[in-house]
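Have a look at the structure below before the remarks.
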Amino acid sequence: MIFFSNPRRSVLSASSAFYLSFKPEALMSKKITTRSENYSDWYIDIVTRAQLADYAPVKGCMVIRPNGYEIWEKMQSVLDKMFKDTGHRNAYFPLLIPESFLQKEAEHVEGFAPECAVVTHGGGKKLAENLMLRPTSETIIWHMYSKWITSYRDLPLLINQWCNVLRWEMRTRLFLRTTEFLWQEGHTAHAAKEDAEEETLKMLNVYKTFAEEYMAMPVTAGLKTESEKFPGAVNTYTIEAMMQDKKALQAGTSHFLGQNFAKAFDVTFQDEAGERRHVWASSWGVSTRLIGALIMCHSDDQGLVLPPKLAARQVVIIPIWKGDDEASRVIECAHKIKEELSVKFSVHVDDRRQYKPGWKFNEWELLGIPLRIEIGPRDLESGNVVLSRRDKKEKSTVPMKSVSDETARLLETIQKDLFQRARDFREANTFLADDFQGFKERIEENGFYRIHWCGQGKCEERIKEETKATIRCIPLDAVEESGKCIVCGAASPRRVLAGRAY
RNA sequence: CGGGACGUGGCUCAGCCUGGUAGAGCACUGCGUUCGGGACGCAGGGGUCGCAGGUUCAAAUCCUGUCGUCCCGACCA
């Protein structure tokens, strides 16, 4: 039986609720709340109507449905390749971690203990030692690393794992913050401090590349402040993105762990000189939260908008007809085009007879398919097809002969335009702020603010209390610019990025 | 965990105040007509009213508890 750290009920009550709240397929019909009406409702509508996820019977948990899981699989395959190309290998560590492991690193236990779920019973008996459901795997991994690492020849050790983790969150939101979520966590061990630091930044850069080139989502890479860093890290780096409501979202993190875990778990190696030393470490992760980021970055009031590089289905072909013989001719042509395009793209022909074309247009727009090809009797006659891009309400008529080239060109353009538009939006909503009072007023409209900050925790705390904004990061590309802290007026060497966040 | 709103066919909701045979629209199934931006007709199927107690001859309706979702605050990827 499983109890959580604030034990209120057993799993038994949850399982009876399962049958009662479980509901089969919900079909889309209702209109989506617009972003201007209510941004939160809009987000929930997109996730549920596009059938990306549904609420699970357990509080804070979600079911990732095929439409959503498909996106995660795409993300995984791209990232996994990037990890392997940088020398990492995958492994799997267990879900259950002895409670005592968490205690070994002081900051780590303080940070994670409150949000841990704990298993107290197994096989009908109380356990000798409680087991935690991993909130992150540093402890179990470093326990194992201490057995595996003995020589400098064992280093660097570069391991990644794809898994689920559990954090008992107070307020949850589909994809953005759920009790259980899927992620990847890389854990590396190095002989030299510089190697671990380099690794930390290298992986941060992998995330930035992924966000910008695949998700078409511009991000700011930077260093987290002391109060925002990962419990147990020396430094935490982040990529921060701006959502369409002008709030910040932390999309990925990379930590330089110093020797904190190596010391806590006694991970040492002999160097070339035969001397025993502690290893240096990094860890880094991105989660299914990226799906939430993707939605909030690009989607509109019609539904999901997917960048071509992450769309499981990139092109949908809608045949249009009157009468049965016309139908068979048009559908045949649609499949021919599909075959031609399938060499390079993933293509779907929607030849369902029970829906009219207009209905299908709306449905596929809801699902975010980047490009739609419409083909009807008029096109058969003229030898053309109509291409309609999802990101803009633009249709073009192109000769059937060049459909493959045009598709390639358009998908590439869509990918680029999505990024460009997101970047323009971010730039248009990023401001310099030098006066605290003005900042406090302006922040009501969200946005990013580049402010001077002296580096003191108490000034950071005041910003948080008076504006509800946080210092998102100290951008890596921040230019040297001497100024005065927006709160206390003390000297500041460069501007930091602040804003309200998810 | 505090404040607010809400749980009734798959979806959106009415019915509840004043207890007495569970409803509508959409969706779904069958047949026919339709088909270039969310078609129409006819005929069907489907709900122990979130859950558990209680009051009552009788509870979707009244009472108590509980679970869940959304919004607003304190914690976080």
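Note on naming: letters A, B, ... go to the chains in the order of the sequence lines (proteins, then strands), and numbering restarts at 1 for each one. Keep in mind it's a predicted model, so treat the numbers as computed, not measured.
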Nucleotide nearest [X] when distance is taken to its side chain, options [options]:
| X | options | value |
| --- | --- | --- |
| K393(A) | C70(B), G37(B), C75(B) | G37(B) |
| K59(A) | U69(B), A77(B), C35(B) | U69(B) |
| R167(A) | G36(B), A77(B), G73(B) | A77(B) |
| T178(A) | G38(B), C76(B), A77(B) | A77(B) |
| F181(A) | C71(B), G36(B), A77(B) | A77(B) |
| E374(A) | G73(B), G36(B), G38(B) | G36(B) |

Whole-Å [atom1] distance, [N] and [M]:
| N | M | atom1 | answer |
| --- | --- | --- | --- |
| U64(B) | C17(B) | P | 15 Å |
| C13(B) | A27(B) | C1' | 14 Å |
| U34(B) | G15(B) | C1' | 37 Å |

Could you check whether any side-chain N or O of T236(A) sits under 3.5 Å from a backbone N or O of F230(A), counting only pairs where one atom can act as donor and the other as acceptor?
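Looks like yes, one N/O pair under 3.5 Å.
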Please check: side-chain N/O of R462(A) versus main-chain N/O of G457(A), any donor-acceptor pairing under 3.5 Å?
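Not at all, since once roles are kept as given, no pair shorter than 3.5 Å links the two residues.
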Under 4.0 angstrom, heavy atoms only, what part of the nucleic acid is [X] near: base, sugar-phosphate, or nothing?
| X | answer |
| --- | --- |
| D379(A) | base |
| E228(A) | nothing |
| S40(A) | sugar-phosphate |
| E169(A) | base |
| V286(A) | nothing |
| L176(A) | base |
| G292(A) | nothing |
| R173(A) | sugar-phosphate |
| T397(A) | nothing |

Under a 4.0 Å threshold between the charged nitrogen and the carboxylate oxygen, would [Y] count as salt-bridged to [X]?
| X | Y | value |
| --- | --- | --- |
| K224(A) | E240(A) | yes |
| R372(A) | E374(A) | yes |
| E365(A) | K360(A) | no |
| R389(A) | D417(A) | yes |

State the pairing partner of [N]; accept Watson-Crick or G-U wobble contacts with both distances under 3.5 Å, and report none otherwise.
| N | result |
| --- | --- |
| A24(B) | U12(B) |
| G2(B) | C72(B) |
| U29(B) | A43(B) |

For the base of G37(B), is there a side-chain donor-acceptor partner from E365(A) under 3.5 Å away?
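For E365(A), whose side chain was compared with the base of G37(B), there is a donor-acceptor pair (under 3.5 Å).
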With a 3.5 Å cut-off and heavy atoms only, can you find an N or O donor on one side and an acceptor on the other between the side chain of K395(A) and the base of G37(B)?
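It does, because a donor-acceptor pair links the side chain of K395(A) to the base of G37(B) below 3.5 Å.
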